[in-house]
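Working notes for the structure below.
So you know, we letter chains A, B, ... as the sequences are listed, proteins then strands, and number each from 1.
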Amino acid sequence: MRVLFERTRGLTSKPFHYCPGCTHGIIHRLVAEVLVELDVLEKTVGVCPVGCAVFAYDYFNCDMIEAAHGRAPAVATGVKRVLPDRVVFTYQGDGDLAAIGTAEIVHAAARGEKITTIFVNNAIYGMTGGQMAPTTLLGQKTTTTPFGRRAEEAGYPLRVAEMLATIEGAAYVARVAVNSPKNVIQAKRVIRRAFEVQLAGLGFSLVEVLSTCPTNWGMSPPEALRWLEEKMIPVYPLGEFKVPRKEEKHA
Amino acid sequence: MPRVLMKGNEAFGEGAIRAGCRYFFGYPITPQSELPHYLARRLPEVGGVYLQAESEVAAINMVYGAAAAGARVMTSSSSPGISLMQEGISYLAGAELPCVIVNVMRGGPGLGNIAPAQSDYFQAVKGGGHGDYRLLCLAPSSVQEILDLMGLAFDLADKYRNPVMVLGDGILGQMMEPVELPPYSGELKLPPKPWATTGTAGRGTRNIINSLYIEPEELEEVNLRLKAKYRRMEEEEKRWETYLLEEAELVLVAFGTMARVARAAVERLREEGIAAGLIRPITLYPFPDAPFHAAFSRARAFLVVEMNLGQMVEDVRLAVEGRCPVHFYGRTGGVVPTVAEVVSFAKEVWHKS
């Protein structure tokens, strides 16, 4: 019998703790599959965030470090400077990366740190109880914006991928979504490219992944996928915002 | 052995290199800046990495990553910068990662000033960050001792898988003294770190560096295991120096730069016929109580002198166990007590006792 689909050995056998309809599991699998396909799992060190993916070290089948909130890019920098031939990635949510950890991600990119960041944007704080994140959409209701986010009080959604793409040291910056089979396939291609950029030593790479939070959005899983498509993507357009320059690729 | 003239801040760096440290992550702050200046030049010469972080918060987390990857790694800062590092220090202690943190203390609280002080004693020896944890804390009082203690600091960090703080002050960092450099072959055989996160290749099993334990009972178990480790430090690592303690009836107690002032005061008091002696703790945690016990039979009073408002005096009172009066003299805000001031206060204490 031909095997058409199986669990990747890039993940451990531990069942995910994520809520029904949350797309963290898909993103974990894509990253794990890429690490296996690039044949780098055994030389990879991952850095976990604070937030819903805080237990990521239970799932990725490689060496893992748990970092403090927002500090994963600094921790990854320490690892990569000691072990420049290893593959180092951070996995961070929007509360972790776009609020408390903004300085760390901006400067890791500015240094051209040869790490890969998987940035999961679900427009809300998940584990902490559905509060507003920097990425929360205008008008979106959260536990700390009960009448909807208003720019006058709470400012505007932060477009992380676009912001980081302006930084010289960032070699590859892209945004994908995992709301449809087509987008999942595209997301994997992009995540693979981000790791290839690290392996080629070209600099910092980041993939922003638009993700769902049915629990804190107060929606069913199918409604959440539709909301991502209809509300999030117009604010956070998909695409590659920064790709390696040709001369670097052939250097 | 050749003697060279060296600045205290440079000695922290050279001592670290001779101890096998090859990674430094830090953020500039006065009065410790010559330390990063020195390492920025020196580390590349020995194949190491110097990296100026965007903040103290990032610097200590880079230390966390490098320590997790199995390296001998250090950072340095001064009081307000150390406050910013406390989150990371708590994580390092929780994840049991070895590293060395140098604090060249200045006046506080807040922005304070850049003059020498010892007012971070509580922060250094009582925790500093959140949670039940301790740092091994070493307090050199000369440039030579800085060189010697940096080697010990890295060895203790590895021995206990714990951060070690080396506590200096603005005077110690800025002063120049002739020193003998410790032997250095360039190649050091460092202890293996099978727990480090270096990739699973050749190992098979995964290594996880973590300080998260959701179940209270599980975290309590971890904290009790850490407590047993701190108990072992208390049994094995107490260090101190005494001066004329054997016959002392008035015992001065001081650490770091202040111990140099206190030692001169002891000599002056002896000249005036007062049987003074000195206890100088070298480890501030664990705090050395043995020399206090040795002094009880003759001592009529203890006098703690510090460049703060009386922080170590609390540990001295614990060590003295109420058997003898403990007095305190200190200046704060970056003011360094003079020998004359200490002698004058000591005589007051002596005539009352």
Segment of A/F55 engaging chain B (4.5 angstrom heavy-atom cut-off): side chain
B/A67 versus chain A, the contacting section by heavy-atom distance below 4.5 Å: neither
More than 12 heavy atoms of other groups within 6.0 Å of B/Y27 OH: no
Separation between CG of A/L41 and CZ of B/R206, rounded to the nearest 0.5 Å: 9.5 Å
Residues in residues 78-97 of chain A near chain B [non-hydrogen atoms, under 4.5 Å]: A/G78, A/V79, A/R81, A/V82, A/L83, A/R86
Contact leader toward chain A among B/T197, B/I208, B/I214, where contacts are heavy-atom pairs under 4.5 Å: B/T197
When B/T198, B/V49, B/V63 are compared by non-hydrogen pairs under 4.5 Å with chain A, the top option: B/T198
Chain A contacts, top residue of B/N210, B/T205, B/N61 (heavy-atom pairs, under 4.5 Å): B/N61
Spacing of SG belonging to A/C48 relative to CG belonging to B/L212, to within rounding of 0.5 Å: 9.5 Å
Over 12 foreign heavy atoms within 6.0 Å of OH, A/Y156: no
Atom CD of A/E168: over 12 foreign heavy atoms under 6.0 Å: no
Basic-acidic side-chain contact under 4.0 Å: B/R203, A/E42: no
Atom NZ of B/K126: over 12 foreign heavy atoms under 6.0 Å: yes
Interface residue of largest heavy-atom contact number with chain A, from B/I60, B/L51, B/V73, under 4.5 Å: B/L51
Heavy atoms of other groups near A/I26 CD1, more than 12 under 6.0 Å: yes
Sorted by number, residues from residues 63-71 of chain A in contact with chain B (heavy atoms, under 4.5 Å): A/D63, A/M64, A/I65, A/E66, A/A67, A/A68, A/H69, A/R71
Heavy-atom pair with the smallest gap, counting every atom of A/A74 and B/A58: CB-O, 3.6 Å
More than 12 heavy atoms from other groups under 6.0 Å of CD on B/Q52: yes
